[in-house]
Amino acid sequence: METINLMEIAREQIRRTIKKAAEKAVQQDSLPELHIDEIVLEIPREKQHGDFATNVAMQMARQAKMPPRKIADILVSNMALEGTYIEKVEVAGPGFINFYLKKEWLYQVIHAIEWMGNDYGRVNIGNGQKVMVEFVSANPTGPMHMGNARGGALGDCLASILEWAGYDVTREFYINDAGNQIEKFGRSLEARYVQLLKGEDAFPFPEDGYHGEDITDHMREFISSEGDKYLDVDSEERRKVFVEYALNKNIEKIKADLKRYGIEYDVWFHESWLYENNEVQQTIDELTQKGYTYEKEGAIWFKATEFGAEKDEVLVRNNGVPTYFAADIAYHRNKFITRGFDRVIDIWGADHHGHVTRMKGAMKAIGCDPDKLDVIIIQLVRLLKNGEVARMSKRTGRTVTLSDLLDETGVDAARFFFNMRQSGSHLDFDLDLAVKQSNENPVFYVQYAHARICSILRLLSEEGIQVKGADSIDVSLLNQPEEVELLKKLVELPEEITIAALTMEPSRMTRYVLDLAALFHTFYNACRVKTEDVELMAARLKLIDCVRIVLSNVLHLLGVSAPERM
RNA sequence: GCGCCUGUAGCUCAGCAGGAUAGAGCAACUGCCUUCUAAGCAGUGGGUCAGGAGUUCGAAUCUCUUCAGGCGCGCCA
């Protein structure tokens with residue numbers, strides 16, 4: 001797809017202009033020949049400092065043994081601005097070169113948005129690379145918690161950003177339906193089953209079992225349909241039945257909750273498949289063949305320390321059962337080798353960060369480039385209610401689950417709030433704020449901007465006034481500061497998507513859309529769209545229609561609705 | 001003890017491949033609705049960028065160190 005990034009166009013023109021000026025100066029012997037790796041162009045914080053600024057003169061100063069301002073002057077006097085968007089160039093401060101662009105450049109964005117519509121903002125830095133985002137992967141032995149909720153919002157938005165950046169993205173959920181924890185799950189269910197029918201003391205609850213009420217609930221329901229006929233059934237056999245029953249219920253619930261949350265996975269990958277296809281054993285064999293394992297005390301160990309880890313790790317316990325780690329290596333081997341992903345992004349909770357180094361080490365051991373695996377660690381979530389930390393749901397008296405949260409705040413607020421903070425920082429989720437219908441609530445603030453625009457469009461449309469094509473309006477009428485600021489923000493979207501994709505930070509997009517909404521509200525109060533001046537009205541109408549498209553694009557990328565009325 | 005993350009306005013956080021006077025929202029105070037949604041806008045006050053040292057023309061940003069908080073270091077996942 002053809003994409004338009006005005007920011008990139010401007011940067012390229014400026015870089016070329018600087019380069020040519022430098023070459024010319026060297027030819028005239030007014031500057032020595034020097035090498036600069038990359039010309040850094042930044043957007044100055046202060047508007048008086050122009051649209052772009054560069055510090056090349058300061059960087060060259062040492063090499064050239066000349067004062068930075070003098071270098072800057074020489075460069076500027078050798079610049080040829082004809083045929084570019086550059087209007088004027090100034091030297092300022094310690095030696096910055098500030099570039100001021102023509103308004104024409106800015107007005108191009110109107111055409112770009114009209115041209116690309118709901119695809120405006122897309123870029124192609126991914127070149128169709130196959131990338132997997134594996135996220136949530138909640139333990140199917142119980143309900144989803146706030147960590148899963150944050151991971152879901154983050155992972156899904158990151159996946160969307162990568163799609164917008166030109167990657168071929170697969171969203172995947174890893175279902176841990178095998179191994180030790182399923183054993184524990186089965187023993188816990190069995191204990192509750194017998195206890196419910198014959199009393200608390202009739203069966204000892206396993207030391208390391210799952211104590212949650214949901215386990216008892218499962219068995220209570222099971223009994224109401226199946227009765228007590230499993231009391232006399234062989235332990236192993238009935239545990240199998242209980243596990244299948246409860247696990248399916250949990251997985252169905254997880255799928256339903258995530259669907260409600262607006263997340264559609266491409267693949268639900270079962271850990272058990274890795275065992276069924278013998279991939280866990282194959283992986284262990286491969287590591288052994290390469291000499292990266294050894295036996296000690298009846299267990300098989302992986303030499304993780306040879307790959308930078310602090311200590312070696314058990315792959316197969318002395319009872320012959322592979323560890324979670326062994327299965328996880330097999331899983332990642334499957335992602336990279338069997339399925340051929342170019343990049344894999346895993347989103348894990350903070351309590352798994354110790355796992356990162358050894359996982360990357362294992363990647364190296366099986367011949368995969370560890371740099372192609374990115375692990376995003378998300379920090380914990382604190383729920384706040386009435387200014388206090390809320391651990392339990394008031395309604396159920398149990399820990400707050402994803403569905404409790406969605407009941408309380410709705411999908412829009414949850415997804416927006418979880419993406420307001422960088423993944424690395426702890427997040428306080430203010431439940432009261434999330435449901436507040438006022439300017440304090442960032443979700444409403446952005447959605448309100450969208451609804452306001454739709455309202456104006458609707459009103460004028462009823463009077464027979466429609467949005468015109470970019471070619472039939474006079475864009476140069478958009479010269480109020482509020483209008484210019486809005487246009488500048490619209491220009492930034494492709495670059496914002498690019499940076500968000502490169503840094504894997506969806507929170508950038510929530511900040512962007514908040515900024516854009518704020519600029520719109522300012523514009524709204526300063527400039528009227530509906531006026532007697534027909535030409536001006538047409539131009540402003542076009543402008544707000546562009547803002548509407550961009551707000552809508554970003555909100556949808558975040559998985560948040562863009563209401564037309566509020 | 002070792003490793004990772006965090007520390008910026010009263011609160012919640014941006015800024016951190018070094019750049020010009022450190023920003024936003026909330027809270028506080030002052031204004032703006034006979035005109036397209038006041039779920040909005042404009043303005044005021046508010047800082048030892050945790051402390052210290054170093055590198056640099058220039059450090060919130062990079063290095064070292066101290067302090068404070070969180071997490072991890074299982075034949076758990």
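Chain identifiers are assigned alphabetically (A, B, ...) following the order of the sequence lines, protein sequences preceding nucleic acid strands; residue numbering begins at 1 within each chain.
Nucleotide B/C62: paired with B/G54 (Watson-Crick or G-U wobble, both distances less than 3.5 Å). Applying the Watson-Crick and G-U wobble criteria (two distances, each under 3.5 Å), B/C26 pairs with B/G10. B/C41 is paired with B/G31 under the criterion used here, namely a Watson-Crick or G-U wobble arrangement in which both key atom distances are under 3.5 Å.
Within the nucleic acid shown, A/A449 has no heavy atom closer than 4.0 Å to any nucleic acid atom. Across all strands shown, A/C527 has heavy atoms under 4.0 Å from base atoms, whether or not it also approaches the sugar-phosphate. Counting non-hydrogen atoms under 4.0 angstrom, A/A451 reaches a base of the nucleic acid. Using a 4.0 Å heavy-atom distance criterion, A/A526 is classed as making no nucleic acid contact. Across all strands, A/R565 comes closer than 4.0 Å to base atoms (heavy-atom distances). Within 4.0 Å of A/M420, counting heavy atoms only, lies no atom of the nucleic acid at all. Within 4.0 Å of A/E297, counting heavy atoms only, lies at least one base atom of the nucleic acid. Here A/S455 lies in heavy-atom contact (under 4.0 Å) with a base. Within 4.0 Å (heavy atoms only), A/A299 reaches at least one base atom of the nucleic acid. Using a 4.0 Å heavy-atom criterion, one finds that A/R528 contacts the bases of the nucleic acid, with or without backbone contacts as well.
Between A/K70 and A/D73 there is no salt bridge, since no side-chain N of the basic residue sits under 4.0 Å from a carboxylate O of the acidic one.
Taking side-chain N and O atoms only, A/N318 has no distance below 4.0 Å to OP1 or OP2 of B/C75. Contact between the side-chain N/O atoms of A/Y524 and the OP1/OP2 oxygens of B/A38 is found at a separation under 4.0 Å.
Between the side chain of A/D177 and the main chain of A/E271, a donor-acceptor pair closer than 3.5 Å is present.
No hydrogens or angles were tested; on distance alone, a donor-acceptor pair under 3.5 Å links the side chain of A/N98 to the base of B/A20. Judged by distance alone with a 3.5 Å cut-off, a donor-acceptor contact links the side chain of A/N55 to the base of B/G19.
Separation of the C1' atoms belonging to B/G10 and B/G46 is 9 Å when rounded to the nearest angstrom. Comparing B/A17 with B/A38, their C1' atoms sit 44 Å apart, to the nearest whole Å.
Relative to the ring axis of A/F307, A/K360 does not place its NZ or CZ within 45° and under 6.0 Å from the centre. Both tests do not hold together for A/R452 against A/F520: distance to the six-membered ring centre under 6.0 Å, angle to the ring axis within 45°.
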